[in-house]
Amino acid sequence: MKTPGLKTIRATLVDVDYVTKQGRPVIRLILKKKRFFRLFDAEFEPYFYLMPQGKDFKAAEKALMAVSFSEKGQKVTVKRVEEVKMDALGKERELLKVVCHHPSHVPLLRDKVAHVGTLYEHDIPFARRWLMDKRVSPFDKVEAEYAQEGRQVRAVKKVGEGSTALRTMAFDIETYNPKGEPDSSKDPIVMISEAIADPAGGKPHGHVITFKHSGGMKFVKVVESEKKMLEEFCRQVKEQDVEMLLGYNSALFDLPYLKARAGKLGTKLALGRDNSDFRSRRRGLNEVAKITGRIHVDLYPIVRFLGIIGALKTTQYTLSAVYAELVGRQKEKMIKKIDVWRMWDDNKMREELAEYSMNDAISTVEVGEKVLPMEFEMSRLCGATLFDVCGASTSQLVEMLLMRRAGEKNMLIPNRPRDDDAKLREGPVKGAYVKVPQAGIYENLAVLDFRGLYPSIICSYNIDPFTVDCEDCKNDGYKSPSGHWFCKKRKGLVPTVLNEIIDRRAELKKELKKLEKEGKVESAEYSVLFAKSQALKVLANSYYGYLLYVRSRWYSREGGESTTAWGRYYVQEMEKRAEKEGFKVLYMDTDSLFLQLGGKKKEDVMRFLSEVNKTLPEKMELELEGFYPRGLFVMKRGSERSLEKDETPAGAKKKYALLGEDGRIKIRGFELVRRDWSRIAKDTQMAVLQAILKDGSKEKAIAIVKERVEELRSGKAKMEDLVIYTRLRKSVGKYDIISPEVAAVKRAQKEGVKVEEGSLIGYVITKGGKSVSEKAQLVERAKDYDANYYIDHQLLPPVLKILGELGYGEDDLKMMGKQAKLGGW
DNA sequence: GCGGACTGCTTACCT
DNA sequence: ACAGGTAAGCAGTCCGCG
């Protein structure tokens with residue numbers, strides 16, 4: 001495509017946003033070739049769709065064109081109206097496309113034209129709309145034709161996959177904090193560290209900028225004052241031509257603090273390419289910050305997101321905890337944040353503080369290297385900027401992708417429900433099936449599960465809000481066990497997109513396997529493919545939840561109900577077949593079956609799998625999760641009594657331990673995987689489990705328990721092993737019931753301790769008081785501990801449950817409990 | 001007034 | 001501010017007993 005007077009550039013599209021110039025919106029692109037390169041699009045017009053009430057399109061058009069009003073000094077009118085045909089809410093319809101002068105007019109017009117008809121797509125962010133309509137995504141390689149004058153884009157198209165390599169700097173600040181929390185109106189920033197990522201994948205390197213001598217290390221740069229330090233930091237960002245700036249909680253802490261100090265000291269925080277600082281914007285619950293001409297990414301919300309979807313095991317989201325898990329080793333330098341001010345004041349400690357600070361910035365880069373690849377892929381996939389994707393919830397990601405595909409298919413995007421409509425969608429939906437296990441120890445188990453059960457059902461049965469109970473397919477649609485049926489003629493958007501995701505992921509997994517065979521696990525190619533596969537997995541697993549999410553655009557209660565109904569049907573069908581084959585089905589949860597092999601062999605399991613898979617719909621597959629020499633299900637609390645009647649003891653659901661063939665133990669649901677149990681209880685339960693599953697030795701197990709009881713009783717237990725952690729989800733006053741953690745917080749608050757809503761509370765049960773709540777004290781304030789509580793309520797119950805399965809009689813266990821109470825060991 | 005049974009609130013887990 | 005299913009502890013209440 002060559003047009004006279006136009007230039008062409010091939011580069012990676014990195015970012016899109018818009019500004020207003022002389023009242024008109026101008027799309028701004030950042031492309032990257034060697035450096036960032038800006039292009040503009042002043043021609044792109046904001047618009048929305050309108051479905052007129054009644055059939056009179058001409059009258060509607062007239063009414064729209066007649067709208068004219070002023071708001072905040074600007075005149076608002078409709079620029080143009082076009083008639084369009086779209087696949088709208090399940091059928092072909094005519095609609096009006098209403099073109100406006102400015103994106104900010106859309107919400108203003110919304111109310112003024114509501115009487116003409118129903119509005120659609122009136123809340124699509126303008127830059128995203130541009131990406132959708134131009135059919136390009138961030139991190140695509142694009143070819144753009146532009147007029148040299150004003151760098152106006154005339155045409156843009158995707159020509160391949162772009163590079164995600166950006167010049168990346170991470171930064172971190174240390175603040176003076178004599179009061180615990182720093183106060184930006186008084187307390188200076190004492191150090192700023194910055195680390196530059198090595199494009200070749202090596203260790204990051206960087207500097208610490210400070211204004212007092214901090215040891216003789218090379219990386220420390222001493223300037224005269226705090227003000228000079230801020231200026232030096234900005235100068236570095238500029239000089240290094242930083243394209244991506246990373247921080248950890250930088251949107252909420254570092255950047256605002258830097259800005260406040262800059263204001264106080266009479267200087268500017270010139271981080272942007274236009275020397276501006278940053279702009280904060282609320283998004284959902286969290287705040288995000290944009291820096292002009294660079295990509296600022298706060299890793300904290302990303303890490304939280306990974307935690308929520310279960311990709312991270314840590315329950316603490318401090319940089320060091322996250323670093324330890326992601327990078328696989330402890331951070332080199334650890335200090336307590338409370339000590340920063342003391343270290344700064346101490347000439348001998350300042351060097352250590354500088355090392356710590358440097359280390360924080362370096363760790364931030366490394367955490368970024370672990371979590372960003374998936375975000376890049378998500379951005380490419382959903383056609384939304386990194387800014388939009390980072391820290392977005394799974395429902396937002398699913399929705400971004402659906403909206404994008406809807407646009408490509410000329411399908412109208414359904415509206416998000418209003419608050420009151422969302423309320424109407426509330427109400428219970430029957431979910432998965434869970435089989436009650438029989439408590440006991442078993443030998444030779446096989447665990448089977450359906451690969452991606454819900455996604456495969458949604459695809460196989462075309463489950464979508466606009467295919468459900470379709471009139472044409474009343475008699476020959478896909479009939480779900482819940483009584484609804486789904487169209488066989490038109491494929492819904494949800495299953496279409498989900499299908500693409502599943503197929504693409506299957507391809508990627510093949511490629512990954514191939515690379516694994518070639519020993520290329522460490523290669524860059526492998527990590528890119530892995531990140532893609534991760535992004536697809538996150539999305540695929542979110543569609544079912546999204547169907548039932550009351551605020552979703554593609555909500556379908558019937559679809560969700562049918563998905564779980566089919567799920568229950570298939571997993572129970574597999575149970576019947578397995579039993580018929582001669583396996584005993586011990587336990588099932590949602591998509592999995594635990595078989596007891598009994599006299600049968602592994603080959604019988606494999607044969608069973610291939611047999612049943614022949615009969616399942618194409619997208620559905622039952623897989624072998626693994627073989628386990630031993631497994632344990634424990635009694636449900638309170639079901640001990642039924643033992644007297646010689647009934648089979650009912651096991652607890654969602655609690656089991658399996659011994660793998662490799663000797664590893666897989667544990668689900670036990671106290672020892674919960675953070676609201678003390679470490680001593682969890683460690684002991686683990687030790688007992690090991691002794692029993694691995695060694696089959698109850699003597700060993702009992703010895704461990706005795707030892708720990710003695711430790712507690714004699715007062716030798718370490719405080720840190722006694723802490724119970726619980727999240728304080730509401731503010732203290734809002735609780736109907738004063739549980740131990742709430743009582744502990746209340747007591748601490750009375751003495752001036754500040755506890756934030758949503759923070760993790762660590763408390764210890766002490767000797768003072770009658771009820772557990774009265775005895776609870778925050779760990780920092782606890783002086784002693786109540787040995788009896790820890791023995792009877794923490795240590796013994798979890799282990800007795802396990803020992804109970806070893807034929808260790810109930811009476812023996814009771815004795816052990818009593819003896820513990822009496823201290824008679 | 002007491003203790004046991006039960007309910008409801010709450011958290012964190014499983015898939 | 002993605003879904004439902006589940007265990008479990010503690011507070012608080014109810015109830016029978018005396």
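In the text below, chain A, chain B and the rest are named by the order of the sequence lines, each starting its count at 1.
- The side chain of Thr726(A) contributes no N or O atom lying less than 4.0 Å from OP1 or OP2 of dT10(B).
- The side chain of Thr590(A) lies closest to dT15(B), out of dT11(B), dT15(B), dC2(C).
- Using a 4.0 Å cut-off, some side-chain N or O of Arg675(A) falls inside it from OP1 or OP2 of dA12(B).
- Straight-line distance from the CD1 atom of Ile737(A) to the P atom of dT13(C): 9 Å, rounded to whole Å.
- Between dC2(C) and Ser393(A), a contact under 4.0 Å exists linking OP1 or OP2 to a side-chain N or O.
- Closest approach of Ala422(A) to Val550(A), counting heavy atoms only: O-CB, 3.6 Å.
- Between Arg668(A) and dT15(B) there is a side-chain polar atom (N or O) within less than 4.0 angstrom of OP1 or OP2.
- Regarding contacts with the backbone of dC10(C), a side-chain N or O of Tyr789(A) is found under 4.0 angstrom from either OP1 or OP2.
- In this structure, CG of Leu547(A) is placed 14 Å from P of dC2(C), rounded to the nearest angstrom.
- Residue-level contact check: Ile738(A) touches the backbone only, with heavy atoms under 4.0 Å from sugar-phosphate atoms and none from bases.
- Atom CG of Asp792(A) and atom C1' of dC10(C) are 16 Å apart (whole Å).
- Ring-centre distance between Tyr656(A) and Phe594(A): below the 6.0 Å cut-off.
- Side-chain N/O atoms of Thr394(A) include none lying less than 4.0 angstrom from OP1 or OP2 on dC2(C).
- Val673(A) comes within contact range of the sugar-phosphate backbone alone, with a heavy-atom separation under 4.0 Å but no base atom that close.
- Nearer the 5' end of DNA chain C, as judged by each residue's closest nucleotide, is the contact made by Tyr546(A), out of Tyr546(A) and Tyr433(A).
- Side-chain polar atoms of Ser393(A) and Ser395(A) form a donor-acceptor pair below 3.5 angstrom.
- Rounded to whole Å, the distance from CH2 on Trp566(A) to P on dG4(C) is 19 Å.
- Ion pair Arg451(A)/Asp591(A) not flagged as a salt bridge, since none of the NZ, NE, NH1 or NH2 atoms sits closer than 4.0 Å to an Asp/Glu carboxylate oxygen.
- Rounded to whole Å, atom P of dC13(B) lies 14 Å from atom OH of Tyr725(A).
- Close to dC10(C), at under 4.0 Å from its OP1 or OP2, lies a side-chain N or O of His793(A).
- Gly431(A) comes within 4.0 angstrom of the backbone, heavy atoms only, and of no base.
- Close to dA12(B), at under 4.0 Å from its OP1 or OP2, lies a side-chain N or O of Arg729(A).
- Between the CZ atom of Phe633(A) and the P atom of dA7(C) there is a distance of 13 Å, rounded to whole Å.
- Ranking dG5(C), dC10(C), dT11(B) by closeness to the Pro740(A) side chain, first place goes to dC10(C).
- Residue Ser773(A) is classed as a sugar-phosphate contact, given heavy-atom separations below 4.0 Å to backbone atoms only.
- With respect to the salt-bridge test (charged N to carboxylate O, under 4.0 angstrom), the residues Arg553(A) and Asp123(A) qualify.
- Within the nucleic acid shown, Lys435(A) has no heavy atom closer than 4.0 Å to any nucleic acid atom.
- The residue among Asp736(A) and Pro797(A) whose nearest nucleotide of DNA chain C lies closer to the 5′ end is Pro797(A).
- A sub-4.0 Å separation between OP1 or OP2 of dT15(B) and a side-chain N or O of Tyr656(A) is present.
- Relative to the six-membered ring of Tyr317(A), Arg304(A) meets both conditions, a distance below 6.0 Å and an angle of at most 45° to the axis.
- Contact annotation: Lys653(A) side-chain N/O to dT15(B) OP1/OP2 distance is not under 4.0 Å.
- In this structure, Trp677(A) atom CH2 and dG9(C) atom P are separated by 5 Å, rounded to whole Å.
- Residue-level contact check: Tyr454(A) touches neither bases nor backbone, having no heavy atom under 4.0 Å from any strand.
- For the pair Lys655(A) and dA8(C), the criterion of a side-chain N or O lying under 4.0 Å from OP1 or OP2 is met.
- Rounded to an integer number of Å, the gap from NZ of Lys775(A) to C1' of dC10(C) is 14 Å.
- In this model, the phosphate group of dT6(C) is not approached by any side-chain N or O of Lys654(A) to a distance below 4.0 Å at OP1 or OP2.
- A donor-acceptor pair shorter than 3.5 Å cannot be found between the side chains of Gln777(A) and Thr766(A).
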